[in-house]
Amino acid sequence: MAAKQPLISVEPVPPLACGQDAGGVTGDGDSGVRLLRLNNTQGSLNSLTLDMAAAFKEVADQLVLDQGLRALVITGEGRAFSAGGDFGFIEDRIQGEVEDNFRVLSGFYTTFLALRKLPVPTIAAINGPAVGGGMGLAMAADMRIAASTAKLSFNSVKLGLTPGMASTCVLPAATSHQVACRLLLTGDLITAQEALELGLVLQVTEPDKLLGAAQQLAGRIATASPSAVATTLRMLRGRLPWEQLEGAALEEARLQATFFKQPDCREGVDSVKGKRPARFGPIERPATT
Ligand SMILES: C/C=C/C(=O)SCCNC(=O)CCNC(=O)[C@H](O)C(C)(C)COP(=O)(O)OP(=O)(O)OC[C@H]1O[C@@H](n2cnc3c(N)ncnc32)[C@H](O)[C@@H]1OP(=O)(O)O
């Protein structure tokens, strides 16, 4: 019987694929670049589950101990980057109690956001749809490159939900207040080209050139002085400190925990799954908003 693929895998990238010579950055063939793949492809487009979160944490913990690591590329296996929260996970939150939802969502979001705590620059190679929490994960990376065929969306309002994964904090910081408003208040699914114009991604490539472009960018970072890169990164990330990101993630988790229980969420999820327009009710928000 074939071995089951891990939900998240990490592999070293050969120096030549990173634009380095065969010796890599250390002379012994290590490029310093690793490739992390989301691998929940069984009909669900790398959707995010609690098992994915646990696998992500395990891999992140190992990466912190990797002394040779200098830059990380993160991508999705198959045709998607990530379709965000798995429908099953979302259904569990609709059925769940508010306090339990808060506890689960807090852990879920802070686990994926911890990408921002890895000690090296991270690059999301967005190979296909990146939606909801999947887009939030891409935004947790320091840089993003997208395939021309990728589609991106922060679609929570279409699900009758408020955003998660600290999107209300990360997105305006990465772009602007008005771009964040446009994307988070409409849930529009935008093309890679539009994402480039809005400053969400650095570059758009042909699909078969995506990994190469991301690995070459990572390879150039890996070739620079590791201590200068580490300190520069610490300064850059410090403009949006972890405490602020975590605070936003917890606040969003608190609100989402209640919105999952509202009729709009049931309608929103059914409409997205059924690929039909939603018919939302009048304003019916919890007192906490
Ligand atoms: C707590 C977390 C919160 C959040 O993250 S909220 C966001 C939750 N995610 C979503 O709402 C995304 C829903 N999915 C979509 O909008 C679309 O899909 C995409 C834009 C991502 C891709 O569209 P297309 O390329 O046309 O593919 P397809 O035919 O819609 O989907 C292919 C298969 O993938 C399954 N799938 C899609 N998204 C999810 C998901 N989030 N969880 C589980 N499965 C998913 C579908 O059902 C279908 O399956 P089958 O081929 O068996 O019909």
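We count ligands from 1, going down the list as the structure has it; atoms in each ligand are counted the same way.
- Note that CD of Gln20 and CD of Gln216 are 9.0 Å apart. Values are rounded to the nearest 0.5 Å.
- When distances from atom 30 (O) of ligand 1 to the protein are checked, a heavy atom turns up under 4.0 Å.
- Ranking protein heavy atoms by distance to atom 51 (O) of ligand 1, first place goes to Gly43 O, 4.8 Å.
- For ligand 1, the atoms closer than 4.0 angstrom to any heavy atom of Gly84 are 5 (O).
- Shown in contact with Ile90 at under 4.0 Å from a heavy atom are these atoms of ligand 1, numbered in order with element: 8 (C).
- Not one N or O of Leu161 is nearer than 3.5 Å to an N or O of ligand 1, by distance alone.
- Counting only non-hydrogen atoms, the option in Met165, Arg93, Lys275 that gets closest to atom 23 (O) of ligand 1 is Lys275.
- If you number the atoms of ligand 1 from 1 as listed, the ones under 4.0 Å from a heavy atom of Val272 come out as 11 (O), 13 (C).
- With a 4.5 Å cut-off on side-chain heavy atoms, Leu36 and Val59 count as touching.
- Within the 4.0 Å heavy-atom cutoff, Lys158 does not count among the residues contacting ligand 1.
- Ranked by closest heavy atom to atom 7 (C) of ligand 1, the top entry among Val269, Asn155, Val131 is Asn155.
- Protein heavy atom nearest atom 22 (C) of ligand 1, with residue, atom name and distance: Leu45 CD1, 3.7 Å.
- Annotation: the span from Arg70 atom CZ to Thr223 atom OG1 amounts to 8.0 Å, rounded to 0.5 Å.
- Considering only non-hydrogen atoms, atom 13 (C) of ligand 1 lies nearest to Phe87 out of Phe87, Tyr109, Phe89.
- Considering backbone and side-chain atoms alike, Gly132 places every N or O at 3.5 Å or more from each N or O of ligand 1.
- Panel note: side chain Asn39, backbone Pro6; a donor-acceptor pair is recorded below 3.5 Å.
- Residue contacts with ligand 1: Ala83 is placed with a nitrogen or oxygen under 3.5 Å of a nitrogen or oxygen of the ligand (distance criterion only).
- Protein non-hydrogen atoms do reach within 4.0 Å of atom 11 (O) of ligand 1.
- When hydrogens are left out, the protein atom nearest atom 41 (N) of ligand 1 is Gly85 O, 3.0 Å; that is the closest non-hydrogen contact.
- Here the shortest heavy-atom distance to atom 24 (P) of ligand 1, taken over Arg79, Glu252, Lys273, belongs to Arg79.
- Within the 4.5 Å cutoff, no side-chain heavy atoms of Leu72 are placed close to those of Val33.
- Considering both main-chain and side-chain atoms, Gln256 never comes within under 3.5 Å of ligand 1 through any nitrogen or oxygen pair.
- Considering all non-hydrogen atoms of both residues, Leu137 and Phe112 come closest at CD1-O, 3.8 Å.
- In this structure, CG on Leu65 lies 7.5 Å from CG on Asp61, to the nearest 0.5 angstrom.
- Ion pairing of Arg266 with Glu91 is present here, as a side-chain N (NZ or NE/NH1/NH2) and a carboxylate O approach within less than 4.0 Å.
- Ser153 is not listed as a side-chain neighbour of Ile190, based on a closest heavy-atom distance of 4.5 Å or more.
- Heavy atoms only, all atoms of each residue included: Ala278 and Ser271 are closest at CB-OG, 3.4 Å.
- Nearest protein neighbour of atom 6 (S) of ligand 1, counting heavy atoms only, is Leu159 CD1, 3.3 Å.
- The contact set between ligand 1 and Gly133, taken as ligand atoms under 4.0 Å from a residue heavy atom, comprises 4 (C), 5 (O).
- Ionic pairing of Glu194 and Arg182 is present here: one or more N-O contacts between side-chain nitrogen and carboxylate oxygen are shorter than 4.0 angstrom.
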Exercise. Could you give me the CA-CA distance, side-chain angles and deciding distance for Lys261 and Glu97, then say whether salt bridge (charged side-chain N to carboxylate O under 4.0 Å, His left out) is met?
Key: CA-CA 8 Å; Lys261 307 297 295 175; Glu97 297 300 326; 5.6 Å; no
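- Remark: Arg93 fails to qualify as a cation-pi partner of Phe260 under the 6.0 Å distance and 45° angle criteria applied to the six-membered ring.
- Per-atom contact check: atom 3 (C) of ligand 1 touches the protein, criterion being a heavy-atom distance below 4.0 Å.
- Checked by distance only, ligand 1 and Pro129 stay at 3.5 Å or farther apart across all their nitrogen or oxygen atoms.
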